[in-house]
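Each remark here refers to the structure printed beneath this line.
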Number of protein chains: 2
Amino acid sequence: MTRSKAYPKGVAKRDEILHTALDVIARNGYSRTSVRQLAEAVGLTNAGLLHYFESKEHLFAEILRMRDEVDAEAQRSPGTSSLDALVSTARHNAKVPGLVQLYSRLAAEAEDPAHGAHEYFRDRYANLRTSVAASIRQEQEAGAIRRDADPERLARLIIAMADGLQTQWLIDPSFDMAAEISYLISLAAVLPDEQ
Amino acid sequence: MTRSKAYPKGVAKRDEILHTALDVIARNGYSRTSVRQLAEAVGLTNAGLLHYFESKEHLFAEILRMRDEVDAEAQRSPGTSSLDALVSTARHNAKVPGLVQLYSRLAAEAEDPAHGAHEYFRDRYANLRTSVAASIRQEQEAGAIRRDADPERLARLIIAMADGLQTQWLIDPSFDMAAEISYLISLAAVLPDEQ
DNA sequence: GTCTATATGCTGATAGAC
DNA sequence: GTCTATCAGCATATAGAC
């Protein structure tokens, strides 16, 4: 509550902007969210808002970075592998379509190397792949996942699938993302009995 | 060459616009391609070009529809299943990054129900899923794919994965899309010997 | 450091003349 | 079928007030 050196006005405002921006996107959709709207929602002019961020693109990447941290926090509890995390994240995401849309749209825009979020996504994919691959290796040692699967390759495939499912779900939300991811993992499991 | 009733000027011009548009996107990237540029490339003003299409969004969807038809044609040859088609399409796509970018970016934008290409993608996903599921069923009967896998669900997962791989590849083209899809299909195959 | 005001040059789209 | 003219909206940049 009281302002300290560790939490100066600038950081608080930045944080407020990020949270408000996510709210506005969730309400109005990514396509219909301009910097001016975000600025207005937080009581600033557009130039005032962009004082806190390098660009609109960087602002959006910061929202996702914030989300990543919250998610990582939630999964630091013992006994959750990255694979379980993918399923529970998918389950949670189904309740926040605005956030899913932000992620999906920004990832696509960031395909352009000149986009402000390009590096964020490049690094995010690399780190996520390492983390998921490590979990796969663990599960293999525990005998839960077939040992003939290449952890790194399988990790990339699972991450790609999670992303692709989000796109399909946003275009036609007639299925359960978490259930489908969970189904894939069950297919990667050691078969009880090969018929 | 000679203009006939079956190939009037309007259709020819439309076709020219679609092909030129794809060229320009491939050269300049999706982000940096405006209607005005496309119009100029084909010798029209932007208003003149938009006379042929409902909107920019519809124009782009038409390019992809054209691509779908070409691809479908190429795979009508005997002995190619939808699964083989996915792999060979991925192999071909790696040579036309501009087209991959168009597909990936437009799919993301079309998540908005108000987007001009929303219905195109909704229908495309549904049709593709049906087609891939049928191929999976065939392979299962032939004993090439595990019989315990649900064709419809697996089809959705494979399509999602192909899309997600395209995003990852456009952000960091340091892997072989076709090889990864092929690898997934091999994992779905009946195991020679469960260890 | 924080912010307003203002300006530039894009964008897709439309109305109506020819 | 194609044009000109025009529009509202956009992200972004800069100068400078406080």
Side-chain angles (χ1 to χ4, degrees), chain A residues 3-18 20-21 24-25 28-63 102 105-106 108-118, chain B residues 3-5 7-18 20-21 24-25 28-63 101-102 105-106 108-110 112-118 120:
Chain A
R3 195 170 300 149
S4 75
K5 252 204 205 124
Y7 204 58
K9 177 156 187 285
V11 176
K13 193 77 185 174
R14 233 182 99 98
D15 234 60
E16 188 199 340
I17 292 170
L18 291 175
T20 306
V24 174
I25 292 168
N28 301 350
Y30 182 89
S31 328
R32 278 169 291 279
T33 300
S34 67
V35 172
R36 270 176 175 82
Q37 279 181 324
L38 296 179
E40 194 186 0
V42 81
L44 292 174
T45 62
N46 64 341
L49 187 149
L50 283 175
H51 166 72
Y52 292 92
F53 300 93
E54 216 178 308
S55 68
K56 183 198 187 188
E57 298 169 353
H58 284 86
L59 190 171
F60 284 167
E62 284 303 303
I63 296 177
L102 170 63
R105 294 287 302 270
L106 200 65
E109 286 181 8
E111 287 162 9
D112 181 349
H115 192 281
H118 184 75
Chain B
R3 195 171 298 151
S4 75
K5 250 204 204 127
Y7 204 59
K9 176 156 188 286
V11 176
K13 192 78 185 173
R14 233 182 98 98
D15 234 58
E16 188 199 342
I17 292 170
L18 291 175
T20 307
V24 174
I25 292 168
N28 300 350
Y30 181 88
S31 328
R32 279 170 290 280
T33 301
S34 66
V35 171
R36 269 175 176 84
Q37 279 179 331
L38 297 178
E40 193 187 359
V42 80
L44 290 175
T45 62
N46 65 339
L49 186 148
L50 283 175
H51 165 72
Y52 291 93
F53 300 92
E54 213 177 308
S55 68
K56 183 199 188 188
E57 298 169 353
H58 284 88
L59 189 171
F60 284 167
E62 285 303 303
I63 296 176
Q101 208 192 352
L102 171 62
R105 293 287 302 270
L106 201 64
E109 287 181 8
D112 181 350
H115 192 281
H118 184 75
Y120 163 74

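Excluded from the calculations below are hydrogen atoms, water molecules and symmetry mates; all remaining heavy atoms, backbone and side chain alike, are included. Within every chain, numbering begins at 1; the chains are lettered A, B, ... in the order of the sequence lines, protein sequences first and strands thereafter.
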**Asked** Can you name the residues that form a salt bridge (charged side-chain N to carboxylate O under 4.0 Å, His left out) with A:Lys56, not counting sequence neighbours?
**Response**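 For A:Lys56 there are no salt bridge (charged side-chain N to carboxylate O under 4.0 Å, His left out) partners, ignoring immediate neighbours.
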**Pairing residues for A:Glu16 by the salt bridge (charged side-chain N to carboxylate O under 4.0 Å, His left out) criterion, not counting sequence neighbours** =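 For A:Glu16, the residues satisfying salt bridge (charged side-chain N to carboxylate O under 4.0 Å, His left out) (neighbours in sequence not counted) are A:Lys13.
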Quick one: [X] [atom1] to [N] [atom2], roughly how many Å, whole number?
{"X": "B:Leu38", "N": "C:dT11", "atom1": "CG", "atom2": "P", "value": "10 Å"}
{"X": "A:Leu50", "N": "C:dT6", "atom1": "CG", "atom2": "P", "value": "18 Å"}
{"X": "B:Arg32", "N": "D:dA11", "atom1": "CZ", "atom2": "P", "value": "18 Å"}
{"X": "A:His58", "N": "D:dA11", "atom1": "NE2", "atom2": "P", "value": "16 Å"}
{"X": "A:Leu49", "N": "C:dG1", "atom1": "CG", "atom2": "P", "value": "17 Å"}
{"X": "A:Phe53", "N": "D:dA13", "atom1": "CZ", "atom2": "P", "value": "16 Å"}
{"X": "B:Lys56", "N": "D:dC10", "atom1": "NZ", "atom2": "P", "value": "16 Å"}
{"X": "B:Glu54", "N": "C:dG12", "atom1": "CD", "atom2": "C1'", "value": "14 Å"}

**Prompt:** Which of residues 39-48 of chain B have a heavy atom under 4.0 Å from DNA chain C?
**Reply:**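 Within residues 39-48 of chain B, the residues near DNA chain C are B:Asn46, B:Ala47.
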**Request:** Give DNA chain C the dot-bracket treatment, 5' to 3': Watson-Crick (N1-N3 with N6-O4 or O6-N4) or G-U (N1-O2, O6-N3) under 3.5 Å, [ ] crossing, | other strand.
**Result:** ||||||||||||||||||
**Counterpart residues, side-chain contact (heavy atoms from CB on, under 4.5 Å), relative to B:Glu62 (two or more places apart)** =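 B:Glu62 satisfies side-chain contact (heavy atoms from CB on, under 4.5 Å) with B:Arg14, B:Leu18, B:Phe53, B:Arg65 only.
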**Prompt:** Excluding sequence neighbours, so at least two apart, what forms side-chain contact (heavy atoms from CB on, under 4.5 Å) with B:Ala108?
**Reply:**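 Partners of B:Ala108 under the side-chain contact (heavy atoms from CB on, under 4.5 Å) test: A:Arg105, A:Ala108, B:Glu111.
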**Side-chain N,O (A:His51) to OP1/OP2 (C:dC3) below 4.0 Å** =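 Negative; the distance criterion is not met.
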**Prompt:** Would one find a side-chain N or O of A:Ser34 under 4.0 angstrom from OP1 or OP2 of D:dC10?
**Reply:**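 Checking D:dC10 against A:Ser34, a side-chain N or O does come within under 4.0 Å of OP1 or OP2.
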Enumerate donor-acceptor pairs with a distance under 3.5 Å from any side-chain N or O in residues 34-43 of chain B to protein atoms, sequence neighbours excluded.
{"from": "B:Ser34", "atom 1": "OG", "to": "B:Gln37", "atom 2": "N", "distance (Å)": "3.3"}
{"from": "B:Gln37", "atom 1": "OE1", "to": "B:Ser34", "atom 2": "N", "distance (Å)": "3.2"}

**Prompt:** So which nucleotide from C:dT11, D:dT12, C:dC3 ends up closest to the side chain of B:Arg36?
**Reply:**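 Selected nucleotide (nearest to the side chain): C:dT11.
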**Prompt:** Minimum heavy-atom separation for A:Ser55 to A:His58, with atom names?
**Reply:**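 Where A:Ser55 meets A:His58 most closely, the heavy atoms are OG-ND1, 2.9 Å.
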**Item:** Under the side-chain hydrogen bond (donor to acceptor under 3.5 Å, both in side chains) test, residues paired with A:Tyr52 that sit two or more places apart
**Value:**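 Testing A:Tyr52 for side-chain hydrogen bond (donor to acceptor under 3.5 Å, both in side chains), a comparison that skips the adjacent residues, returns none.
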**Set of side-chain hydrogen bond (donor to acceptor under 3.5 Å, both in side chains) partners for B:Thr20, sequence neighbours left out** =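 Partners of B:Thr20 by the side-chain hydrogen bond (donor to acceptor under 3.5 Å, both in side chains) criterion come out as none, since no residue qualifies.
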**Message:** Do A:Leu59 and A:Leu49 have side chains that approach each other closer than 4.5 Å (heavy atoms only, starting at C-beta)?
**Reply:**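 A side-chain contact under 4.5 Å exists here.
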